[in-house]
Amino acid sequence: MNPHRIAVVGAGVAGLTAAYYLQKVLPESEVIVLEAENQPGGKLITSPFAGFSVDEGADSFLARVPWGFDLCQSLGLDSELVSPSARNASLWDNEKLQPIPSPNVLGVPLNTETISDDFLPSEAITLLNGSGLPQQELPEGDLSVGQVVRSCVGDDVLERLVDPLLGGINAGIADAMSCAMMAPQLLEAARHPDGMLNHLRSLTRNADPNAPVFHAHPEGMKRLVDALVDSLGNSLKLNSSVKNISRSGSQWIIETAEEFESVDGIIIATPAFVASKFLETILPSAGETLGSIEFASAALVTFSFSRSNLEVDNSQSGFLVPRAAGLFMTACSYSGSKWAHLRHPEVEILRVSTGRINDDRHLKMSDDELVTELRSDLAVTLGVESQPVDVRITRWPNSLPQFPVGHVAAMEDLRMSLDQQVPGLLVAGAAHRGVGVPACIRSGKEAAHQMADFLYG
Ligand SMILES: Cc1cc2nc3c(=O)[nH]c(=O)nc-3n(C[C@H](O)[C@H](O)[C@H](O)COP(=O)(O)OP(=O)(O)OC[C@H]3O[C@@H](n4cnc5c(N)ncnc54)[C@H](O)[C@@H]3O)c2cc1C
């Protein structure tokens with residue numbers, strides 16, 4: 001039997017993972033990875049800043065779900081992973097930084113001991129001290145995070161805590177977000193006969209409070225990208241932007257500016273709006289589904305300030321800014337407090353973000369304007385008015401997919417119709433299982449296994 005030829009389009013973490021597992025499950029096959037840019041990794045970029053390797057996008061990944069750690073283990077990187085030194089973050093609320101109540105599940109506090117008097121109204125505290133609001137029968141199926149949380153623990157917890165925390169993940173709005181996609185544990189808890197709060201409390205009762213929440217690599221996310229790329233030998237083709245994909249008999253024809261590739265199977269691991277264009281003629285309904293996914297844009301500006309001008313609370317990893325606060329910035333991470341390997345003797349490194357699904361002012365700003373606006377917010381929140389020692393700007397236009405209610409089912413239907421109507425063509429990436437790095441890894445890994453089933457099933 002001739003060995004199969006399989007292409008992966010896009011060398012972000014989803015595409016690289018797909019290629020990595022393809023080589024494992026189909027060792028006889030030839031795998032090629034076509035990447036439009038001149039470097040692999042997509043949104044995982046690490047570059048030098050203040051003498052360290054500092055990430056320009058994702059800097060860590062969730063430890064609570066298995067896919068990120070499992071991949072690192074398979075690559076032999078697991079023993080090198082680190083977890084944050086400062087585990088708690090704050091919120092900018094009532095003109096000051098307030099610690100986010102702990103423990104909490106996606107912002108829903110499980111006890112009120114660490115909540116200061118002016119953080120939540122007394123009615124909200126009373127609810128949280130008991131079992132929440134009287135349990136309502138929630139409609140079947142997916143619901144918005146807003147609907148679920150408001151119905152169980154009230155508007156204040158949703159607006160002051162859950163919305164800023166979940167909004168920090170994909171720049172979305174909790175009232176518009178699919179709970180099944182973004183917070184399945186809250187949806188399940190809300191429907192539990194014991195009620196959301198009691199069920200979450202019982203789930204976390206035996207949890208190890210010192211278990212790591214996030215993993216990172218001291219060399220940055222680039223280390224993961226490099227390890228994946230190394231495992232691929234010379235299969236990765238950079239500067240190879242795919243222009244068109246078509247079918248010829250049992251083969252897929254992939255067109256770049258330079259050449260045509262003919263393959264037996266293809267995994268499209270580009271952002272959904274790029275995949276949508278490829279699918280427009282192959283399977284228009286799938287193209288339409290992917291094309292309808294909205295994306296938020298973000299910008300991340302990394303600053304270093306002399307420690308003589310800025311002192312941050314080293315017990316905190318940074319802070320989030322709720323929409324209601326009316327600031328331009330959405331979050332600030334204290335890199336040196338969060339990560340021991342980024343603690344600089346002279347400067348404090350801050351990674352400051354802006355951009356929400358309903359706020360893309362940063363897209364229209366020059367670099368100078370962007371920095372000026374963020375510095376003005378840093379003056380308000382941290383009181384730092386001095387010149388930064390160094391500044392690095394990273395823009396992430398259309399980078400964060402939004403997941404409306406029903407998204408999980410829509411992606412399931414999409415995968416099923418691809419499987420039935422264009423077997424051998426699969427999709428992966430942040431739009432499918434979630435934006436987090438582990439979710440992208442999961443989607444790449446699943447696509448690789450599904451490809452093996454298709455070719456040898
Ligand atoms: C500012 C920011 C901070 C984040 N922080 C975190 C975090 O701390 N933790 C976390 O878990 N997640 C974080 N995320 C989310 C996470 O980084 C991304 O969701 C994830 O990296 C996306 O991976 P992907 O492979 O799906 O897509 P991408 O990384 O977008 O990769 C897609 C690839 O396809 C390529 N491509 C596009 N068109 C073509 C074409 N025509 N031909 C060939 N190639 C093409 C692109 O160049 C790109 O390399 C963050 C995201 C952002 C923007």
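A donor-acceptor pair under 3.5 Å is absent between the side-chain atoms of Asn206 and the main chain of Asp208, judged by distance alone. Counting only distance, with no hydrogens or angles, the side chain of Thr289 and the backbone of Leu414 share no donor-acceptor pair below 3.5 Å. Using a distance-only test at 3.5 Å, with no hydrogens or angles considered, no donor-acceptor pair links the side chain of Thr204 to the main chain of Ala207. Looking only at distances, no side-chain donor or acceptor of His341 sits under 3.5 Å from a matching main-chain atom of Gly220. Between the Thr114 side chain and the Ser102 main chain, a donor and an acceptor come within less than 3.5 Å of each other. Judged purely by atom type and a 3.5 angstrom limit, Arg442 has no side-chain atom pairing as donor or acceptor with the backbone of Val437. Side-chain N or O atoms of Glu56 include none that pairs as donor or acceptor with a backbone N or O of Val54 at under 3.5 Å. A donor-acceptor pair is defined here as one N or O able to donate and one able to accept, closer than 3.5 Å; no such pair exists between the side chain of Asn104 and the backbone of Pro109. Formation of a donor-acceptor pair under 3.5 Å by the Asn94 side chain with backbone atoms of Asp118 is found in this model.
Across Leu279 and Leu418, no two heavy atoms sit closer than the pair CD2-CD2, 4.0 Å. Listed here is the closest heavy atom pair of Pro271 and Lys43: CG-NZ, 4.3 Å. In terms of heavy atoms, Ser337 sits closest to Arg343 at O-NH2, 3.7 Å. Closest approach of Thr381 and Leu97 over heavy atoms only: O-CD1, 4.1 Å. Nearest heavy atom pair, residue Val148 against residue Cys179, reads CG2-SG, 3.9 Å. Heavy atoms only, all atoms of each residue included: His192 and Gln135 are closest at O-NE2, 2.7 Å.
Using a cutoff of 4.0 Å between basic side-chain nitrogens and carboxylate oxygens, Asp55 and Arg351 are not scored as salt-bridged. Taking the charged nitrogens against the carboxylate oxygens, Asp59 and Lys338 do have a contact shorter than 4.0 Å, which makes a salt bridge. Glu446 and Arg433 are joined by a salt bridge, as a carboxylate oxygen and a charged side-chain nitrogen come within less than 4.0 angstrom of each other. Using a 4.0 Å cut-off between charged nitrogen and carboxylate oxygen, Glu311 and Arg307 do not count as a salt-bridge pair. Salt-bridge formation is not detected for the pair Lys364/Glu369: no Lys NZ or Arg NE/NH1/NH2 atom is positioned less than 4.0 Å from an Asp or Glu carboxylate oxygen. One finds no salt bridge joining Asp360 and Arg356 here, because no Lys/Arg side-chain nitrogen approaches an Asp/Glu carboxylate oxygen to under 4.0 Å.
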(request) Just do the side chain to side chain contact (heavy atoms under 4.5 Å, CB included) check on His217 and Val82 with the steps written out, would you? (result) CA-CA 6 Å; His217 194 281; Val82 292; over 6 Å; no
(request) Mind running side chain to side chain contact (heavy atoms under 4.5 Å, CB included) on Leu133 and Arg150 for me, showing each step along the way? (result) CA-CA 9 Å; Leu133 286 161; Arg150 285 180 196 280; over 6 Å; no
(request) Could you walk me through whether Glu280 and Glu288 pass side chain to side chain contact (heavy atoms under 4.5 Å, CB included), step by step? (result) CA-CA 7 Å; Glu280 247 166 25; Glu288 209 175 297; over 6 Å; no
(message) Run Val108 and Leu161 through side chain to side chain contact (heavy atoms under 4.5 Å, CB included) and show every step you take.
(response) CA-CA 7 Å; Val108 176; Leu161 286 160; over 6 Å; no
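A donor-acceptor contact closer than 3.5 angstrom is absent between the side chains of Ser90 and Gln98. Ser366 and Asp368 form no side-chain donor-acceptor contact under 3.5 Å, judged by distance and modelled atom types alone. There is a side-chain donor-acceptor pair under 3.5 Å between Thr112 and Asn129. Looking only at atom types and distance, the side chain of Glu219 has no donor-acceptor partner in the side chain of Thr46 under 3.5 Å away.
Counting non-hydrogen atoms of neighbouring residues, nucleotides and ligands closer than 6.0 angstrom, the CD atom of Glu294 reaches no more than 12 such neighbours.
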Would you be so kind as to tabulate the donor-acceptor pairs closer than 3.5 Å made by side chains of residues 317-334, with sequence neighbours excluded?
from: Ser317; atom 1: OG; to: Asn88; atom 2: O; distance (Å): 3.4
from: Arg323; atom 1: NE; to: Asp163; atom 2: OD2; distance (Å): 3.2
from: Arg323; atom 1: NH2; to: Asp163; atom 2: OD1; distance (Å): 3.0
from: Arg323; atom 1: NH2; to: Asp163; atom 2: OD2; distance (Å): 2.7
from: Thr330; atom 1: OG1; to: Ser353; atom 2: O; distance (Å): 3.1

Contacts under 3.5 angstrom, residues 8-20 side chains, donor-acceptor by atom type, not counting sequence neighbours:
from: Thr17; atom 1: OG1; to: Val13; atom 2: O; distance (Å): 2.6
from: Tyr20; atom 1: OH; to: Ser74; atom 2: O; distance (Å): 3.3
from: Tyr20; atom 1: OH; to: Ser74; atom 2: OG; distance (Å): 2.5

Distance-only donor-acceptor hits, side chain of residues 295-306, under 3.5 Å, sequence neighbours excluded:
from: Ser297; atom 1: OG; to: Asn398; atom 2: N; distance (Å): 2.8
from: Thr302; atom 1: OG1; to: Arg392; atom 2: NH2; distance (Å): 3.3
from: Ser304; atom 1: OG; to: Asp390; atom 2: N; distance (Å): 3.2
from: Ser306; atom 1: OG; to: Ser308; atom 2: N; distance (Å): 3.1
from: Ser306; atom 1: OG; to: Ser308; atom 2: OG; distance (Å): 2.7

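Under the 30°/60° scheme for interplanar angles, the aromatic rings of His344 and Phe52 are found to stand perpendicular.
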